[in-house]
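So you know, we letter chains A, B, ... as the sequences are listed, proteins then strands, and number each from 1.
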Amino acid sequence: MGVDSATHRVASRAGDPLTSALMAPRVRFAPSPTGYLHVGGARTALFNWLFARRHGGVFVLRIEDTDVERSSAEMVDGILAGLRWLGLNWDEGPQVGGPFGPYFQSERLDRHQAMAARLVAGGSAYYCYCTPDELKGKREAAGGTSIYDRTCLRLTTDEMARRERDRMPRAMRFKVPSGEVRFDDLVHGSIEVDAVTIEDFVIVRSDGHPTYQLSVVSDDVEMKITHVVRGDDHISNTPKQILLYRALGAPIPQFAHVPLILGPDKKRLSKRHGATSVMEYAQQGYLPEAMVNFLALLGWSPGSGNQELFTRDELARVFALEGISGGNAVFGPEKLDWFNQQYIMRLASDELAKRIQPSFEAAGLWDVSLLGDRRRWFFSVLDLLKPRAKRIGDFAAQARYFLTDRIEYDHAAVEKHVRAAGMGQHLLALDAAFGELSAFDAASLEAALRAVADLRGIKAAALIHATRVAVTGTSVSPGLFEVLVLVGCDRVHARLQAALRLIAPAPG
RNA sequence: GUCCCCAUCGUCCAGAGGCCCAGGACGUGGCCCUUUCAAGGCCAAAACACGGGUUCGAAUCCCGUUGGGGACGCCA
């Protein structure tokens with residue numbers, strides 16, 4: 001049945017020059033390695049990845065490293081690391097190769113130049129001998145911005161010959177034809193621009209290197225990209241690029257321009273707003289699945305339903321470019337925190353253990369037995385801590401008193417709860433009662449504690465608080481009885497005794 | 001300045017002419033649970049920027065205003 005309808009669709013569209021829409025889509029993420037992978041780029045990459053996965057297409061990673069001054073291998077590694085952390089695997093690109101390589105733009109210069117040659121040969125481009133200084137002067141004279149006045153397009157053959165003879169440096173400009181340029185953006189709908197507002201942009205610099213406009217189009221054409229999903233800031237470049245596609249006689253891909261991510265002050269997200277690199281979030285203890293979920297819902301919606309939690313695979317099943325909203329989105333860290341907490345709570349203990357291990361090691365709390373002999377016990381500790389953790393790093397701090405007997409007392413808490421009138425005697429009685437217990441489980445412990453409190457005429461809450469401080473050193477912890485069970489009979493006894501010594505009057 | 005994009009609760013979204021005196025989530029406030037902190041449950045406050053049209057009827061369509069954002073490089 002699926003085969004029939006598919007063949008039918010293909011057949012009915014046969015002869016349509018835009019058959020690319022029916023082929024498996026090919027999308028690309030093309031970062032320029034002049035910085036780390038920031039959240040905006042990560043979201044664009046995610047949308048591309050999701051779209052490719054949704055339609056059984058190909059996700060290409062291409063590094064646009066032609067700005068030699070600002071690009072570095074270190075940045076490339078950082079971007080790859082960020083994508084891997086998010087789980088956005090690429091089908092073609094650095095380290096995996098592919099049939100349309102190379103995937104570093106700097107290695108494709110000859111192709112760009114060949115394309116430029118085609119453009120001049122076809123009369124779509126011309127040489128320009130104006131110097132940057134001259135252009136700057138004209139621009140300033142015009143008060144800020146102006147469109148190139150086509151001085152060099154009007155050069156006579158003699159004038160041109162003279163410049164060539166003098167070996168004047170020359171750039172290549174695209175000859176923008178007049179008329180309207182219109183395209184259907186998948187998120188914005190129809191966008192139309194009058195070509196008179198577009199200047200004859202440079203496509204090859206005087207040093208022979210292609211500019212961005214030429215190289216993206218050249219690479220996208222040769223890599224057979226069918227859908228260009230990129231930031232909103234490229235929307236004004238799109239008409240220029242469409243003109244290039246036309247001049248080249250190449251099929252024009254579909255465009256989807258995704259709105260920018262703003263900081264809380266509604267300004268373009270930048271370092272001022274705090275962490276912008278995805279790896280910074282990794283270091284701060286955010287889970288990649290939380291980041292993916294958060295980023296996916298930032299500016300995109302599946303349309304109906306009230307679901308908020310989506311796994312990467314669920315997203316890949318329902319993602320559609322049409323669900324991207326047209327307006328900019330503010331990056332709200334509170335919601336990221338919520339997602340993170342939700343994912344931490346749902347993480348299986350063995351998986352969680354892997355992720356917290358580095359921070360435990362750093363805190364000197366790790367021991368191989370936690371995944372060996374003490375595995376079950378350790379996982380129970382994690383289960384208690386899970387709903388109380390916002391970041392991965394929270395576990396080390398909160399698990400301290402389970403893993404070490406060097407208790408750090410919160411002095412204010414000791415004063416308030418343990419050094420209360422008569423509390424020493426109460427705790428002594430409690431310790432004795434615990435010692436009588438045949439089963440050291442939560443229910444028995446609670447019954448025993450309440451009985452002691454009752455007998456001594458104090459509130460159970462007061463005894464609970466004092467015991468918590470005595471055993472954990474702090475006034476905040478998971479439910480006391482669960483904590484006591486996991487700390488264990490012997491250590492609870494030892495800590496009660498230690499607490500009594502702590503509040504005992506100095507010998508003398 | 002020119003061109004382009006955008007405009008629903010504080011924030012992220014739903015809403016594609018009557019289902020909307022606008023729905024969900026985060027955050028905020030309150031209550032419940034309770035032994036502290038979380039988690040969880042319940043409740044609440046909270047928005048269609050403004051002005052004109054079109055229509056029997058507009059958050060939804062059109063125009064304008066205002067506001068925000070982006071682009072105007074021999075950067076990508």
May I ask you to check whether [X] and [Y] place their ring centers less than 6.0 Å from one another?
| X | Y | value |
| --- | --- | --- |
| A:Phe339 | A:Tyr286 | no |
| A:Phe255 | A:Phe183 | yes |
| A:Phe29 | A:Trp90 | no |
| A:Tyr212 | A:His234 | yes |

Select from A:Thr197 and A:Gly332 the residue whose nearest nucleotide in RNA chain B is closer to the 5' end of that strand.
A:Thr197
A:Pro478 or A:Arg43: which one's nearest nucleotide on RNA chain B is closer to the 5' end?
A:Arg43
Rounded distance in Å between the [atom1] positions of [N] and [M]:
| N | M | atom1 | result |
| --- | --- | --- | --- |
| B:rA16 | B:rC62 | P | 16 Å |
| B:rC31 | B:rG23 | P | 25 Å |
| B:rG69 | B:rC74 | P | 26 Å |
| B:rG70 | B:rG51 | P | 28 Å |
| B:rG30 | B:rC48 | P | 26 Å |
| B:rC13 | B:rG18 | P | 23 Å |
| B:rA25 | B:rA14 | C1' | 11 Å |
| B:rA22 | B:rC50 | P | 15 Å |

Watson-Crick or G-U wobble mate for [N], both contacts under 3.5 Å:
| N | result |
| --- | --- |
| B:rC56 | B:rG18 |
| B:rC37 | none |
| B:rG27 | none |

Using 30° and 60° as the class boundaries, would you call the ring planes of A:Phe440 and A:Phe434 parallel, tilted or perpendicular?
perpendicular
If you look at every strand shown and take non-hydrogen atoms under 4.0 Å, does [X] touch a base, only sugar-phosphate, or nothing?
| X | answer |
| --- | --- |
| A:Gly231 | nothing |
| A:Lys267 | sugar-phosphate |
| A:Cys130 | base |
| A:Gly479 | base |
| A:Asp207 | nothing |
| A:Leu480 | base |
| A:Pro31 | nothing |
| A:Gln307 | nothing |
| A:Phe481 | base |
| A:Thr474 | nothing |
| A:Glu308 | base |
| A:His234 | base |
| A:Met345 | sugar-phosphate |
| A:Gly303 | sugar-phosphate |

Think [X] has a side-chain N or O under 4.0 angstrom from the OP1 or OP2 of [N]?
| X | N | value |
| --- | --- | --- |
| A:Arg230 | B:rA71 | no |
| A:Lys266 | B:rU11 | yes |
| A:Gln341 | B:rA39 | yes |
| A:Gln342 | B:rG40 | yes |
| A:Thr66 | B:rA76 | yes |
| A:Thr34 | B:rA76 | no |
| A:Arg139 | B:rC72 | no |

What are the residues of residues 384-403 of chain A, sorted by number, that bring a heavy atom to within less than 4.0 Å of RNA chain B?
A:Pro387, A:Arg388
Would you confirm whether A:Tyr36, through its side chain, and A:Pro33, through its main-chain N or O, come within 3.5 Å as a donor-acceptor pair?
no
Is the shortest side-chain N to carboxylate O distance from A:Glu164 to A:Arg170 below 4.0 Å?
yes
For [X] and [Y], which I'm curious about, is there any donor-acceptor pair between the side chains at under 3.5 Å?
| X | Y | value |
| --- | --- | --- |
| A:His227 | A:Asn48 | no |
| A:Ser475 | A:Arg468 | no |
| A:His257 | A:Asp232 | no |

Using a 4.0 Å heavy-atom cut-off to protein, can you give one letter per nucleotide of nucleotides 60-65 of chain B, 5' to 3': B if the base is in contact, S if only the sugar-phosphate is, - if neither?
------
Is the Lys NZ or Arg CZ of A:Arg173 less than 6.0 Å from the centre of A:Tyr127's six-membered ring, within 45° of the axis?
no
Check side chain to side chain contact (heavy atoms under 4.5 Å, CB included) between A:His209 and all other residues, then give those that pass, not counting sequence neighbours.
A:Leu109, A:Arg205, A:Asp207
Checking only heavy atoms, does the side chain of A:Ser206 share a donor-acceptor pair with the base of B:rC74 at less than 3.5 Å?
yes
